[in-house]
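On a predicted model such as this, the values are computed, not experimentally measured, just so you know. Quick note: numbers below take in every heavy atom, side chains included, and nothing from hydrogens, waters or symmetry partners.
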Amino acid sequence: MTPTPQNPGLANWLLIATLGVTWGGAFMLVSLSLEGFGPWTVAAGRTLLGGLVLWVIGAALGQGLNTIPSRRGWGFAIVVGLGAIALPFSLLSWGQQFIPSAFAGVAMGAVPLLVLPLVAIFSPDEGIGPRRIIGLLLGFAGLAILLGKEAFTPSGDALEGAGRLACLGAAACYACGSVTTRHSPAMPPLAFATACLLIATVALVPVAVLFEGVPRTFPAGPTTALILAALLPTAAATVIRVRVITTAGSLFMSLTSYQVPIWSVIFGVVLLKEDLPPQLFVALALILLGIGVSQSRAIAKVFNGLGKRG
């Protein structure tokens, strides 16, 4: 059965679960990368290495850049590469200098709520009703509980307000990018993801060189973390993201935003020996409830399908 926003299918459920884990680990990898490189270099390095790897893999699998079908396809790749990768990377890199890091998590958790009006206007076929709205609000409430009041505690920096707006702007970029990707011409996901990352690289590398120069040393730990960040939460995740959005829709894809902070906390506790937040399980319950409410019909179809196979 062909996946749709009303029936995403088991494969897409597994893919967004994979994205939640992958992007949750990205915070840790980026943090380790920043021990040896500046924020602009890390952002540019992720898109450069990720784009080159996908370019090679795509060419080997017959999904190279030559399979992008038209100028219209390239136009969508340019818009998504600049507006949904390069611009939000830049806004987050700049904004997080002046605000509590937890607020960036809240801003990213707002992506599903920002997607709602865009889908209502540009993708009505995805379907929006009270069930989905209530589910998304429950998920956002769980995220706010997880990150706590620290996310809204003033930092005292003169540019704090601008920093918060920058992070919200990044969330808006991701929301717009999802809806734009949904309406892109049919093309191999690998080719589209490659084009988007390479276009983002063209924008980010000059900025990184201008502000931070060309790296002169490549310490082992940060370099390894940067390579992993480029391969997993950048390259592989971009391909998965394109596939999920084009088959199951922007709203379904946006559910990943609620998983990422949970996995980020879990990785921090397990691998970095950070303290376990006491509110984690309450937040997790609300987030799972929100996903369950917003996608109750799709979940029922998945279980019905599994039952028939059994």
Side-chain angles (χ1 to χ4, degrees), residues 23-24 26-48 81-115 117-118 140-177 200-216 219 222 225-226 229 233-234 254 257-258 260-262 264-265 267-268 272 274-275 277 279 283:
W23 280 337
F27 290 99
M28 179 182 63
L29 292 173
V30 169
S31 178
L32 294 172
S33 301
L34 290 172
E35 294 178 4
F37 306 102
W40 293 106
T41 301
V42 170
R46 287 177 62 183
T47 58
L48 173 61
L82 295 179
I85 298 178
L87 183 55
F89 272 24
S90 302
L91 289 171
L92 285 171
S93 296
W94 184 82
Q96 285 187 262
Q97 300 176 85
F98 313 112
I99 62 170
S101 59
F103 182 81
V106 172
M108 293 303 99
V111 170
L113 303 181
L114 295 172
V115 165
L118 294 174
F140 185 77
L143 176 67
I145 289 173
L146 173 66
L147 299 175
K149 63 181 180 180
E150 291 80 7
F152 304 96
T153 301
S155 66
D157 195 287
L159 292 175
E160 179 183 1
R164 292 181 185 271
L165 287 175
C167 289
L168 290 172
C173 288
Y174 286 129
C176 292
T201 298
V202 171
L204 288 172
V205 166
V207 177
V209 172
L210 177 64
F211 286 102
E212 298 172 355
V214 177
R216 297 180 179 276
L226 179 56
T234 306
S254 71
S257 299
Y258 295 148
V260 171
I262 293 287
S264 178
V265 169
F267 280 126
L272 302 180
E274 297 176 352
D275 293 333
Q279 70 273 28

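Here the shortest heavy-atom pairing between A283 and G142 reads CB-O, 3.1 Å. Of all heavy-atom pairs spanning S90 and L204, the tightest one is OG-CD2, 3.5 Å. Contact between L32 and A225 at its shortest, heavy atoms only, is CB-CB, 3.7 Å. Heavy-atom minimum distance, C173 versus L87: SG-CD2, 3.6 Å. Across every non-hydrogen atom of A26 and P233, the tightest pair is CB-CB, 3.5 Å. G95 and A166 make their closest contact through CA-CB, 4.1 Å (heavy atoms, listed as atom of the first residue, atom of the second, distance).
Counting only residues at least two apart or in different chains, salt bridge (charged side-chain N to carboxylate O under 4.0 Å, His left out) contacts with residues 161-175 comprise E160-R164.
When the side-chain contact (heavy atoms from CB on, under 4.5 Å) test is applied to L92, the partners found at least two apart in sequence or on another chain are Q96, M108, C167, A170, Y174. Annotation: side chain to side chain donor-acceptor pair (under 3.5 Å) contacts of T201 (sequence neighbours excluded): T47. Contacts of T41 classified as side chain to side chain donor-acceptor pair (under 3.5 Å), with partners at least two apart in sequence or in another chain: E212. For A203, the side-chain contact (heavy atoms from CB on, under 4.5 Å) test picks out L82, A86, with sequence neighbours left out. For the side-chain contact (heavy atoms from CB on, under 4.5 Å) test, residues two or more places apart in sequence or in another chain that qualify with I262 are L146, I266, L280, L284, I287. Residues meeting the ring pair (Phe, Tyr, Trp, His ring centres under 6.0 Å) test with W94, sequence neighbours left out: F98. Under the side-chain contact (heavy atoms from CB on, under 4.5 Å) criterion, L165 pairs with no residue, sequence neighbours left out. Judged as a side chain to side chain donor-acceptor pair (under 3.5 Å), and not counting sequence neighbours, S254 has no contacts.
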As a quick check of understanding, evaluate side-chain contact (heavy atoms from CB on, under 4.5 Å) for R46 and V30, giving each step before the final call.
CA-CA 9 Å; R46 287 177 62 183; V30 169; 3.6 Å; yes

Working for side-chain contact (heavy atoms from CB on, under 4.5 Å), residues S264 and W23
CA-CA 8 Å; S264 178; W23 280 337; over 6 Å; no

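Interatomic distance, CG of L48 versus OG1 of T234, reported as 11.0 Å (0.5 Å rounding). With rounding to the nearest 0.5 Å, the separation of CG in L29 from CG in L34 is 11.0 Å.
Between P215 and F37, the closest side-chain pair of non-hydrogen atoms falls below 4.5 Å.
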